[in-house]
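All of these numbers come straight from a predicted model, not from anything done at the bench.
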Amino acid sequence: MSMARTEAQDSGARQGAGILESRLTRLGREEFARDVWGRTAVLTRGASDFSDVFSPAAVDELISRRGLRTPFLRVAKDGSTLPESSFTAPAGVGATVADQLDDTALWRAFEDGATLVLQALHRTWEPVAELVSALGTELGHPVQANAYITPSQNRGFDAHYDVHDVFVLQIAGSKRWVVHEPVVPDPLRDQPWTGHRAAVAERAAHVAPHLDTMLRPGDVLYLPRGWLHSARAQGEVSVHLTLGIHVRTRYALAEHLMRAALAELAADPSMRRSLPLGTDAPDVLTDLVRERLLAAVADADPAPLFHRAHRSAARPAPLGPLAQLAALHRLGPASPIRLREALAPRLDGARLFTRVGYLDLPADDVAPVARLLDGRVRTAGDLGLPLAGRLLRAGVLVPADR
């Protein structure tokens with residue numbers, strides 16, 4: 001049976017708590033990691049008031065006033081995705097953009113029962129972006145956000161599973177969720193539910209659900225990847241936000257390890273040598289290659305590839321070019337500066353790796369840069385004006401408010 005938390009069990013957000021505890025589960029990070037993460041579904045009633053994060057008014061603004069293009073929105077009806085041409089149109093005079101959202105077409109599709117899916121909201125709606133950034137930092141895994149807007153008594157998609165963990169945040173209306181345990185535990189990204197369609201349908205139709213519940217505004221449902229789910233709006237329009245956690249797995253670490261080992265073998269002239277003419281690979285050569293590969297794996301360091309993949313999986317915090325240029329022009333010893341958020345910085349010797357590239361540092365700059373990694377606001381004089389200017393130009397530092 002599912003785990004659930006209620007307001008009676010805990011008195012809401014605690015001062016100084018992370019996003020998990022204060023807004024999503026009322027569980028501290030350690031408790032969540034030990035009892036829940038990747039293991040079981042958790043329903044938290046009345047977890048938070050999310051009106052500061054997203055709302056029906058935000059949906060209308062994004063669709064009608066922000067000039068969104070595909071693929072920032074998709075539309076589904078009766079379990080199938082509609083073609084983009086059915087809800088996009090040219091932008092009009094002065095904007096030769098043929099695939100902007102057509103709000104009239106979307107209204108007609110929605111009124112006819114279609115579900116609207118606003119994708120990558122962490123790129124288009126700032127309050128969602130801030131929540132996603134904080135959660136990704138807390139979990140140590142990249143996070144994205146989609147919103148699902150479903151008319152009353154309609155479902156968007158058939159029972160399926162995701163290849164990433166999700167937090168479902170009910171924003172408006174109510175939605176019935178039916179959740180079943182996995183047919184493929186912990187699926188990888190190349191193991192989607194469509195490859196197990198019959199097993200998914202069989203379990204959803206003939207096995208008692210693990211959870212059958214109604215989500216109302218403020219409720220949060222956590223589902224590990226692989227858990228089957230379907231949802232249907234009830235007597236009014238439902239809006240929910242899905243935070244997708246793209247988990248880094250042991251298999252991914254193995255992939256990085258193998259890439260590092262193969263790169264080492266590629267630098268070995270004996271491994272690049274052609275096999276003998278007129279023969280398949282004889283056992284002696286196979287054994288030799290296997291022995292050399294195992295040695296390369298034992299010596300390989302996957303950390304650089306692993307960290308590079310982590311950095312590329314998300315974007316740093318927004319940077320305004322005009323504000324950045326103004327900060328550079330007025331830079332002085334008392335100018336407040338700070339590390340740009342969500343950079344995933346890593347200092348390896350005298351090289352600073354970030355999501356915006358890497359910088360090689362003079363020996364004297366390593367210690368000041370190391371101090372920057374705590375994210376605190378400092379002054380340009382603390383670093384030295386030349387270093388502060390270089391890091392502003394690189395997009396690593398941004399101006400800060402005291």
Would one find more than 12 heavy atoms of other residues, nucleotides or ligands at under 6.0 Å from atom CG of D364? no
Verify the neighbour count for atom CZ of R272: are there more than 12 heavy atoms of other residues, nucleotides or ligands below 6.0 Å? yes
Enclosure of R108 CZ (heavy-atom neighbours >12, cutoff 6.0 Å): no
R66 (side chain) donor-acceptor with E61 (main chain) under 3.5 angstrom: no
Classify the ring geometry between F32 and Y222 as parallel (under 30°), tilted (30 to 60°) or perpendicular (over 60°). perpendicular
Yes or no on salt bridge (charged side-chain N to carboxylate O under 4.0 Å, His left out) for R26 and E31, after CA distance, side-chain angles and deciding distance? CA-CA 10 Å; R26 300 199 192 96; E31 186 180 0; over 6 Å; no
Could you give the distance from CZ (R390) to CG (L392), rounded to the nearest 0.5 Å? 12.5 Å
For W227 versus A41, what's the shortest heavy-atom pair and its separation? CH2-N, 4.0 Å
As a quick check of understanding, evaluate side chain to side chain contact (heavy atoms under 4.5 Å, CB included) for F167 and L20, giving each step before the final call. CA-CA 10 Å; F167 285 99; L20 279 172; 3.6 Å; yes
Taking all heavy atoms of S174 and all of S238, pick out the closest pair and write down the distance. O-CB, 3.7 Å
Reported CG-to-CZ distance for the pair L372 and R378, which is rounded to 0.5 angstrom: 6.0 Å
I'd like to check I63 versus W107 (side-chain heavy atoms, cut-off strictly below 4.5 Å). Are they in contact? no
Parallel, tilted or perpendicular: which fits the ring planes of W125 and F54, with parallel below 30° and perpendicular above 60°? perpendicular
State whether the side chain of K77 and the backbone N or O of D112 hold a donor-acceptor pair below 3.5 Å, judged by distance alone. yes
For residues 350-359, pull every pair meeting side chain to side chain donor-acceptor pair (under 3.5 Å), keeping only residues two or more places apart or in separate chains. R351-D360
Flag the pair D52 and R23 as a salt bridge only when some basic side-chain nitrogen lies within less than 4.0 angstrom of an acidic carboxylate oxygen. yes
Correct closest heavy-atom pair for V356 and G395 would be CG2-O, 4.3 Å
Greater than 12 external heavy atoms within 6.0 Å of R176's CZ: no
Do the non-hydrogen side-chain atoms of T242 and D162 ever get within less than 4.5 Å of each other? no
Output, in order, the C-alpha distance, side-chain angles, deciding distance and verdict of side chain to side chain contact (heavy atoms under 4.5 Å, CB included) for V53 and L241. CA-CA 10 Å; V53 176; L241 193 64; 4.0 Å; yes
dist L293:CG -> T286:OG1 (nearest 0.5 Å) comes out at 12.0 Å
How about CZ on R29, more than 12 heavy atoms from neighbouring residues, nucleotides or ligands closer than 6.0 Å, or not? no
Ignoring hydrogens and geometry beyond distance, is a side-chain donor-acceptor pair present between Q119 and T124 at under 3.5 Å? no
Euclidean distance, Y161 OH relative to L223 CG, rounded to 0.5 Å: 14.5 Å
For D99 and T70, does a side-chain donor sit closer than 3.5 Å to a side-chain acceptor? yes
Could you check whether atom CD of E341 has more than 12 heavy atoms from other residues, nucleotides or ligands sitting under 6.0 Å from it? no
For the pair W177 and L211, evaluate side chain to side chain contact (heavy atoms under 4.5 Å, CB included) and give the outcome as yes or no after the intermediate values. CA-CA 8 Å; W177 284 76; L211 183 65; over 6 Å; no
Got I245 and H164 here, is their nearest side-chain heavy-atom distance under 4.5 Å? no
Residue pair L339 / P345: nearest heavy atoms and the distance that separates them: CD2-CG, 3.8 Å
Could you go through the side chain to side chain contact (heavy atoms under 4.5 Å, CB included) check for T44 and L24 one step at a time? CA-CA 7 Å; T44 306; L24 300 180; over 6 Å; no
Just wondering, are more than 12 heavy atoms of other shown residues or ligands nearer than 6.0 Å to CZ in R346? yes
Residues N146 and A120: closest non-hydrogen pair is OD1-N, 3.0 Å
Between L243 and A145 the two heavy atoms that sit nearest each other are CD2-CB, 3.8 Å
On the ring face of W193, is R197 found with NZ or CZ under 6.0 Å from the centre and within 45° of the axis? yes
Sorted by first residue and then second, give each side chain to side chain donor-acceptor pair (under 3.5 Å) pair with at least one member in residues 126-143; sequence neighbours left out. none
Report the distance from atom CD of Q170 to atom CZ of R216, rounding to the nearest 0.5 Å. 9.5 Å
Are the side chains of D186 and T249 in contact, using a 4.5 Å heavy-atom criterion? no
Judged by atom type as modelled, is there a donor-acceptor pair below 3.5 Å linking the side chain of R248 to the main-chain atoms of G140? yes
Over 12 non-hydrogen atoms of neighbours within 6.0 angstrom of CZ in R34: yes
Do T213 and L221 have side chains that get closer than 4.5 Å, going by heavy atoms? no
Sequence neighbours left out, cut at 3.5 Å: what donor-acceptor pairs do the side chains of residues 85-92 make with other protein atoms?
unit_1, atom_1, unit_2, atom_2, d
S86, OG, P83, O, 2.6
T88, OG1, E84, O, 2.9

How many angstroms lie between CG in L43 and CG in L215, if you round to the nearest 0.5 Å? 6.0 Å
Okay, side chain of R189, backbone of V163: is any donor-acceptor separation there less than 3.5 Å? no
